[in-house]
Amino acid sequence: RTFRTTASDAKVAVLDSAYAKEKKLKVGSTLTIKSVKFTVIGIATADSGDAAANVYIPLTQAQTLSDSKNKVTTIYVKATDSQRIDSVKSSIQKNISGTTVTTSADLANTVSGSLSTASSLASNVGKWLSIAVLIAAFLVAGLLTSSAVSRRVREFGTLKALGWKSGRVTRQ
């Protein structure tokens, strides 16, 4: 069964089916949360795609356990029609002052913004990495040329002594 309105102060719990299976709990079992024993009155199965909590307890009990008496931090609302989401959002904001209402569209915008930021970061890192590799390639080429010239100094000197011009020695 689920919660009844008379169970707001009762020490009862409804468990997610996966959590109940993992912990080998069933209806009638006892579950301890912060040294308080709760009796399992039901097992719930979340709809596919829904994020499920492991344990559901009455609001008053949750507020007492979390030292948040008379405070609510999160409420999930399900609209009956996707066309009404904006009107539900504005109604909540109008009727409950100081609330932050986040819709699936807001979450999608946040994710797409994060993805574009990550893409921008990747392209900037790629650009700077390419520049660093190019500089390193020129330095290696310079070192190899310098090394080759220093080994052939005597040969170049002999060619100059035979009358070769500097440009011809450089091409050699």
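These numbers come from a predicted model, not from an experiment. We count residues from 1, following the sequence as given.
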What pairs with Ser68 under side chain to side chain donor-acceptor pair (under 3.5 Å), at least two apart in sequence or on another chain?
Ser66

Gln93 CD to Thr99 OG1 distance, which is reported to the nearest 0.5 Å
5.5 Å

Common cluster, Leu15/Tyr56, ILVMFWY with side-chain heavy-atom separation under 4.5 Å:
no

Verify the neighbour count for atom CZ of Arg154: are there more than 12 heavy atoms of other residues, nucleotides or ligands below 6.0 Å?
no

Checking the side chain of Ser146 only, and the main-chain atoms of Gly142 only, is there a donor and an acceptor separated by less than 3.5 Å?
no

What pair of heavy atoms forms the shortest contact from Phe156 to Val169, and how long is it?
CD2-CG1, 3.6 Å

In short, Leu31 meets Tyr19 closest at the heavy-atom pair CD1-OH, 4.1 Å

List the atom of Thr45, the atom of Ser17, and the distance in Å for their closest heavy-atom pair.
OG1-OG, 3.6 Å

Output yes when a side-chain donor or acceptor of Ser147 lies under 3.5 Å from a complementary backbone atom of Leu143, and no otherwise.
no

Thr102 and Lys89: side-chain donor and acceptor closer than 3.5 Å?
no

Hey, does Phe3 have a side-chain heavy atom less than 4.5 Å from the side chain of Val14?
yes

Hey, mind stepping through Val133 and Phe138 against side-chain contact (heavy atoms from CB on, under 4.5 Å) and telling me if it holds?
CA-CA 9 Å; Val133 166; Phe138 276 113; over 6 Å; no

Student check: side-chain heavy atoms of Thr64 and Lys69 closer than 4.5 Å:
yes

Check Ala10 against Pro58 and note the closest heavy-atom contact, atom names and distance.
O-CG, 3.6 Å

When rounded to the nearest 0.5 angstrom, what is the spacing between CG in Asp16 and CD in Glu22?
10.0 Å

Can you sort out the partners of Arg152 under side chain to side chain donor-acceptor pair (under 3.5 Å), two or more places apart, ordered by chain and number?
Glu155

Rounded to the nearest 0.5 Å, how far does OG1 of Thr170 lie from CZ of Arg168?
12.0 Å

Taking Gln61 for its side chain and Asp9 for its backbone only, find out whether a donor-acceptor pair lies under 3.5 Å.
yes

Test your reading of the model: is there a side-chain donor-acceptor pair from Lys37 to the backbone of Thr32, 3.5 Å cut-off?
no

Going hydrophobic residue to hydrophobic residue with side-chain gaps under 4.5 angstrom, can you get from Ile96 over to Ile85?
no

Which heavy-atom pair separates Ile43 from Leu25 by the least distance, and what is that distance?
CD1-O, 4.5 Å

For Lys26, side chain to side chain donor-acceptor pair (under 3.5 Å) partners two or more places apart
none

For the hydrophobic clusters of this structure (ILVMFWY residues joined by side-chain heavy atoms under 4.5 Å, transitively), does one cluster hold both Leu129 and Leu134?
no

Cluster link Val40 to Val36, ILVMFWY, side chain under 4.5 Å
yes

Honestly curious: do Leu59 and Ile92 fall in one hydrophobic cluster under the side-chain, below-4.5 Å linking rule?
yes

Side chains of Ile57 and Ile33 in contact at under 4.5 Å (non-hydrogen atoms)
yes

Candidate pair Lys160 and Ser166, rule side chain to side chain donor-acceptor pair (under 3.5 Å), full reasoning
CA-CA 7 Å; Lys160 288 285 280 181; Ser166 294; 2.7 Å; yes

